[in-house]
Protein chains: 2
Amino acid sequence: MKKILLVEDDKSIITNLSEFLTNEGFSVRNAEGQTRALELIGEEEFDLVLLDVSLADGNGFAVCSAIKSEHNTPVIFLTASGDEYSTVTGFELGADDYISKPFRPRELVLRIKNILRLTGGSGTVTKLGDVLVDTVKGTASRNGSDLYLSALEYRLLLVFLNNRGAVLSRNQLLEAIWDIAGEFVNDNTLTVYIKRLREKIEEDPQNPKIIKTVRGLGYKVDL
Amino acid sequence: MKKILLVEDDKSIITNLSEFLTNEGFSVRNAEGQTRALELIGEEEFDLVLLDVSLADGNGFAVCSAIKSEHNTPVIFLTASGDEYSTVTGFELGADDYISKPFRPRELVLRIKNILRLTGGSGTVTKLGDVLVDTVKGTASRNGSDLYLSALEYRLLLVFLNNRGAVLSRNQLLEAIWDIAGEFVNDNTLTVYIKRLREKIEEDPQNPKIIKTVRGLGYKVDL
DNA sequence: CTGTCTGGTGAAAGACTATTTAAAAGAAAA
DNA sequence: TTTTCTTTTAAATAGTCTTTCACCAGACAG
């Protein structure tokens, strides 16, 4: 199910659109202002953002820039009719479509589906706390800035990603990454890599929030 | 220069739009009816089609279907305002955008540019930084002057082009280009080709901006 | 409280990867 | 055939990643 973020401060629009989009099979979240929108974008991964240009706490352009600089979630602008300036600026900031109020919800849905089709779903990004991993690009980032992970660090991260919630024993991890049967790698190598990875992805590596140690059993990522 | 086909039977719109779009740097051809449109599409390659829904000799949907089934040239529908049915059908037939009359030419241009961007330049010419690749002619150029790529160099470039943004492992690349299963080519062959390609397409081959190395994972083009 | 075990840390040797250069082998054109 | 261009292989180099080792810290059992 596609997740849509609706950034809009007109309550009646929120209510109507939310309902309509939900009925159309989308999962919708609302943000009533710029600040809240940026917060949510940092926390969750959306498939598409509907962005009102004129927000009470500032126009939507800042939000659009923020989105486009970090993720490349598609953005559709909602603007007051006749506001040509918005159209221009919106597209220049990388908006993917634009629809002017008042619009028929039905048309909006069509535009949403269309944009999702054109931008190719882009469902390769996974989130781990504030860390974003793009398995197609082979990159990981935190708060928008790239994490420079070595090949093994990256592979280790992927193993955790594919086994969220599960406790992985040292042996499992060793096998998953140093898979050459019979070949032995010093068990501590893993420990060292856990440390390195934590240093790069954790806010406070001494108190890891992402990769937790389960003493006697192994490690797990539970987010 | 992008070639646009304008399918429209209202003479005044033809005149106005043609002039406006030409001024914006597009090359425009007109077709006053369905029949003529289909003819032109068969003869020439367009980068984008502007399609009026209500044509004297039948609605534009047939034209849209024809375009989408053969080429995948992007299509923007022009419809009478309030004609919701058209919107729905148009998108379902694979239209890429839709604008209702009366519209501001300026907005149309924005939508055109936007769609051209989203559909990846569509046509046959792709841009990679300052390198232009024409997949029909099988040529590449930089700053207007031709690049003389060998067959393998060109194929390598195409593989990157078709997988923009994605990290491609050495093996993937080897398979894509030296695809004979089981046959071994020295792994370094690839490295050498990367170097040669970089030497030809990069401004500063030592600091590649187009083909980036992702140590331990492979290479990628991310532009 | 003490000893042992598990996991964390820092630093250094050397293993590996990617790059580069050069040249041999192969194909196509003259 | 000779010439020229393309493709492949090989060997040297630079830099970074990986692995190991020695040591530290805290948990837990006796």
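The basis for the numbers below is simple: all heavy atoms, side chains too, and nothing from hydrogens, waters or symmetry mates.
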### Message
Under the rule for side-chain contact (heavy atoms from CB on, under 4.5 Å), what residues qualify as partners of E24(B), not counting sequence neighbours?
### Response
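E24(B): side-chain contact (heavy atoms from CB on, under 4.5 Å) contacts with F20(B), F26(B), R106(B), V109(B), K113(B).
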### Task
Can you sort out the partners of E199(A) under side-chain contact (heavy atoms from CB on, under 4.5 Å), two or more places apart, ordered by chain and number?
K195(A), P205(A)
### Query
Can you name the salt bridge (Lys or Arg N to Asp or Glu O under 4.0 Å) partners of E202(B), sequence neighbours left out?
none
Do NZ/NE/NH1/NH2 and the carboxylate oxygens of [X] and [Y] come within less than 4.0 Å?
X: E203(B); Y: K209(B); value: no
X: D97(B); Y: R111(B); value: yes
X: E44(A); Y: R29(A); value: yes

### Query
Heavy atoms under 4.0 Å, any strand shown: does S150(A) hit a base, just sugar-phosphate, or nothing?
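Sugar-phosphate contact only - S150(A) comes under 4.0 Å of backbone atoms but never of a base.
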### Between P of dT9(C) and CG of N207(A), the distance in whole Å
11 Å
#### Entry: L173(A) CG - dT6(C) C1' separation (whole Å)
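So the two atoms are 15 Å apart, to the nearest Å.
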### Message
Could you tell me the boundaries of the chain B footprint on DNA chain D, defined by atoms under 4.0 Å from its heavy atoms?
### Response
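On DNA chain D, the outermost contacted nucleotides are dT6(D) to dC17(D).
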#### Entry: Most 5' of Y148(A) and L190(A) on DNA chain D, judged by nearest nucleotide
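Upstream on the strand: Y148(A).
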Show me the donor-acceptor pairs within less than 3.5 Å that the side chains of residues 211-223 of chain A make with the rest of the protein, sequence neighbours left out.
unit_1, atom_1, unit_2, atom_2, d
T213(A), OG1, R198(A), NH2, 2.6
Y219(A), OH, R170(A), NH1, 3.1

### Query
Taking D52(A) as the fixed residue, which of L6(A), D9(A), I14(A) is the one that meets the side-chain contact (heavy atoms from CB on, under 4.5 Å) rule?
D9(A)
### Task
Heavy atoms under 4.0 Å is the rule here; annotate nucleotides 15-24 of chain C 5' to 3' with B where the base is hit, S where only the sugar-phosphate is, and - elsewhere.
--BSBBB-B-
